[in-house]
Protein chains: 2
Amino acid sequence: MTTKTYGQYCGVARALELVGERWALLIVRDLLVAPKRYTDLKAGLPKIPTNVLATRLKELEAAGLVVRTIQPRPSGAIVYELTPYGAGLDEVVLALGRWGARSLGELRPGEIVTADILVMALRSTFQPGKGKAAYELRFGDLVIHALVDGDELTAQPGPLTGEAKQPVVVEAFAPLGPLLTGAVDGAEALKQGLIKTSGTASDLDRFAGSFRIGPAPA
Amino acid sequence: MTTKTYGQYCGVARALELVGERWALLIVRDLLVAPKRYTDLKAGLPKIPTNVLATRLKELEAAGLVVRTIQPRPSGAIVYELTPYGAGLDEVVLALGRWGARSLGELRPGEIVTADILVMALRSTFQPGKGKAAYELRFGDLVIHALVDGDELTAQPGPLTGEAKQPVVVEAFAPLGPLLTGAVDGAEALKQGLIKTSGTASDLDRFAGSFRIGPAPA
DNA sequence: CGGGATCCGCAACGATACTG
DNA sequence: CAGTATCGTTGCGGATCCCG
């Protein structure tokens, strides 16, 4: 790790020295959604060996991307959280997810989807607009919600809370790939049974407009 | 590689399965500047083991990111080129470089800078503007040039060619980090001797304006 | 039970030498 | 020029074990 340098004075090379090792950016991806405990990270990344998770967390902490904090009593839990520096990887992870999503074909056997994955996928397709809207997206028994306010988006796991006026509930079905990459538009997705909504067709249009569910951009 | 999957139906995970291995994104970075032959890639990445370079190129080709073409005679050279799919990594590489550049401190012993690195670093700091301009950036004996036309930028290795009206020539000195990350603005960089220009102070301002050489954005 | 540490076999990487 | 071949070393994957 000390001597595993690329030998280049280059931002890309330096970034890869910091987060280029296996699993590192997936840990960052999950921490971008919310701070988490070791066990939560493990649950979101079932296939990561525990020693690798522990090693990565130490490396990320040593590099200043992550802080390890101990919650006050009574929980006393150990929580890993991104520093502002680490959170700066947001656009990197979103860009990477946007590019990789178009190679998402069918759900392969053994592959899982988590709420964190859905949140970041939804964020990666967001396009700023105007007006306010509240969405709840369901996929199997996963539920996330998103609040759009102009060019601001907050997306988090869990159902909508509070009283949003005219919330739109969208249910999605596998495979999610075409939906998340804009390979199909809202109407087509509805016809193919990839999604359905509790609201009207115009609700779906609003949703599609906010999240680049529609024809792929040129 | 066949079974080295992350087990997640996620764009980020899929992207990392394709270009997450060591050296892969640095090869893509250099190919984003221009198609290259094996030897050129090797020259731009002196520390890559030759077998790893050969392996990566085969993997990238098999994944459809790179095509291997044989030039017509008399050269007969073998050239590696990004497909449109592979070129889609452009924003990923730029985002990664932008994030990593702020960890570029002093030039570490043994570290090199190449023209391709400069080109991508410059591109990563570009901010669309209006008007036309032609720049030539020099660093040691490296020379690159950039043509700005509104929100279009073309940056390539080598000096300016053709007759640009009022080209601005900027000479940069190590360390480049602060310059490329906006830690200093144009005037301050000039004062610190990080850059100097053949033109006037307003030329430097134009340059700084086009390339986010200036106070870091909030 | 949360939060790791330890150990082992294997696949990938790094360095160098060699070749069509 | 464009790669293979070989070999020592490192890191990863999988499992088990440990400690407060």
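Per chain, numbering begins at 1; letters A, B, ... match sequence-line order.
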- Task: Calculate, to the nearest 0.5 Å, the distance between atoms CZ and CG belonging to R56(B) and L45(B) respectively.
- Result: 12.0 Å

- Item | Distance in angstrom units between L45(A) CG and dG13(D) P, rounded | 12 Å

- Message: Using a 3.5 Å distance criterion without hydrogens, assess whether the side chain of W99(B) forms a donor-acceptor pair with backbone atoms of Y85(A).
- Response: yes

- Message: Expressed as a whole number of angstroms, how long is the span from K4(B):NZ to dG11(D):P?
- Response: 14 Å

- Item | Spacing of L53(B) atom CG relative to dC13(C) atom P, expressed in whole Å | 13 Å

- Rounding to a whole Å, what distance do you find between D40(B):CG and dC1(D):C1'? 10 Å

- Item | Whole-Å distance separating the CG atom of L26(A) from the P atom of dC12(D) | 13 Å

- Message: Below 30° counts as parallel, above 60° as perpendicular, anything between as tilted: where do the rings of Y38(B) and Y80(B) land?
- Response: tilted

- Query: Do any side-chain nitrogens or oxygens of R22(B) fall under 4.0 Å of OP1 or OP2 in dG14(C)?
  - Reply: yes

- Are side-chain N/O atoms of Y9(B) and R14(B) paired as donor and acceptor at under 3.5 Å? no

- Message: In this structure, how many angstroms lie between the P atom of dA15(C) and the CD1 atom of I48(B), rounded?
- Response: 11 Å

Listed pairs, N/O of protein and of nucleotides 4-9 of chain C, under 3.5 Å:
from: dG4(C); atom 1: OP1; to: R68(A); atom 2: NH2; distance (Å): 2.9
from: dG4(C); atom 1: OP2; to: Y80(A); atom 2: OH; distance (Å): 2.4
from: dA5(C); atom 1: OP1; to: K58(A); atom 2: NZ; distance (Å): 3.4
from: dA5(C); atom 1: OP2; to: K58(A); atom 2: NZ; distance (Å): 3.0
from: dA5(C); atom 1: N6; to: T50(A); atom 2: OG1; distance (Å): 2.6
from: dC7(C); atom 1: N4; to: N51(A); atom 2: ND2; distance (Å): 3.4

- Query: What integer distance in Å separates E17(B):CD from dA12(C):C1'?
  - Reply: 16 Å

- What is the distance from NZ of K42(A) to P of dG3(C), rounded to the nearest Å? 13 Å

- Message: Taking the nucleotide of DNA chain C with the nearest heavy atom to each, does R56(B) or A77(A) sit closer to the 5' end?
- Response: A77(A)

- Kindly indicate whether the side chain of K42(B), heavy atoms from C-beta on, has any atom under 4.5 Å from the side chain of R37(B). no

- Task: Give a yes or no on whether a salt bridge exists between R108(B) and E17(A), defined as a side-chain N under 4.0 angstrom from a carboxylate O.
- Result: yes

